[in-house]
Amino acid sequence: MADPKRRRRVVGVVLACLVLFGVWYHIPLHRTLETEVHDNDGASAVLQMDITLHRFFFRGTVVRGTMEVDGVTYVYVPKLWDGPDSFLEGLRDKWSGEIYPSLFVEAERLAGLGTAIYMMEDSLQIYGISFGGFYHSIAYLSLIRRQPDAPSFMYTVGY
């Protein structure tokens, strides 16, 4: 029969490890990534990302930060909806590896105007993304670019 003091110590160590893992997991990950993206017509551009990944236990990861394409800088803008509709949807998204679509608006357009003025034009939206090597590289990316008075088009990596 096991010693009750030893059993309490083991349980205490396991709980302490779980708490430390929870704290570590929720620390945002900062990454600076650069990759070549291709648009619908096959033309390429360089995408530079200075992003922070916010991971959660019960919902998908959120990407925040700045991106630069063709010399234009885009900054993350929180949307009205930035997560799942329910707890169960959040769990489903988490276990499927879902990263929430993030909206990045042209920095000059947003500067001084506040978040109430931004629009879908002059924006990049992450439609789908997956990372490799503990978030040190981009394995797959689908990025929609919207410009005023021009058709929207998509950049991709990993197709």
Hydrophobic cluster membership, Ile27 vs Leu53, 4.5 Å side-chain cutoff: no

Step-by-step side-chain contact (heavy atoms from CB on, under 4.5 Å) determination, Arg146 to Val105: CA-CA 10 Å; Arg146 294 180 177 86; Val105 175; over 6 Å; no

Inter-residue atom distance Ile129.CD1 - Ile51.CD1, 0.5 Å rounding: 5.5 Å

Derivation and outcome, side-chain contact (heavy atoms from CB on, under 4.5 Å), residues Met154 and Leu141: CA-CA 10 Å; Met154 184 175 285; Leu141 173 68; over 6 Å; no

Side-chain heavy-atom pair His38, Val157 within 4.5 angstrom cut-off: no

Joint hydrophobic cluster, Val62 plus Phe58, side-chain heavy atoms closer than 4.5 Å: yes

Spacing of Tyr155 atom OH and Ser44 atom OG [to the nearest 0.5 Å]: 9.5 Å

Same apolar cluster: Phe57 and Tyr135, side chain cutoff 4.5 Å: yes

Val19 vs Phe21 side-chain heavy atoms within contact, under 4.5 Å: no

Euclidean distance, Ile138 CD1 relative to Glu36 CD, rounded to 0.5 Å: 12.5 Å

Minimum side-chain heavy-atom gap Leu47-Glu34 below 4.5 Å: no

Set of residues satisfying side chain to side chain contact (heavy atoms under 4.5 Å, CB included) with respect to Phe134, sequence neighbours excluded: Trp24, Leu29, Arg31, Arg55, His136

Whether Phe56 and His26 hold their rings parallel, tilted or perpendicular, with breakpoints at 30° and 60°: perpendicular

Working for side-chain contact (heavy atoms from CB on, under 4.5 Å), residues Arg145 and Val69: CA-CA 10 Å; Arg145 183 175 183 183; Val69 177; 3.8 Å; yes

Distance-minimising heavy-atom pair for Gly133 and Ser137: N-OG, 4.4 Å

Pairwise distance CG(Leu124) to CE(Met67) - rounded to 0.5 angstrom: 5.0 Å

Note, Phe131 side chain near Leu33 side chain (heavy atom, < 4.5 Å): yes

Qualifying residues under side chain to side chain contact (heavy atoms under 4.5 Å, CB included), relative to Asp50, sequence neighbours excluded: His30, Thr32, Thr66

Main-chain N/O of Asp41 paired to Asp39 side chain as donor or acceptor, under 3.5 Å: yes

Presence of salt bridge, Asp3 and Arg8, under 4.0 angstrom: no

Derivation and outcome, side-chain contact (heavy atoms from CB on, under 4.5 Å), residues Val63 and Phe104: CA-CA 10 Å; Val63 178; Phe104 294 80; 4.2 Å; yes

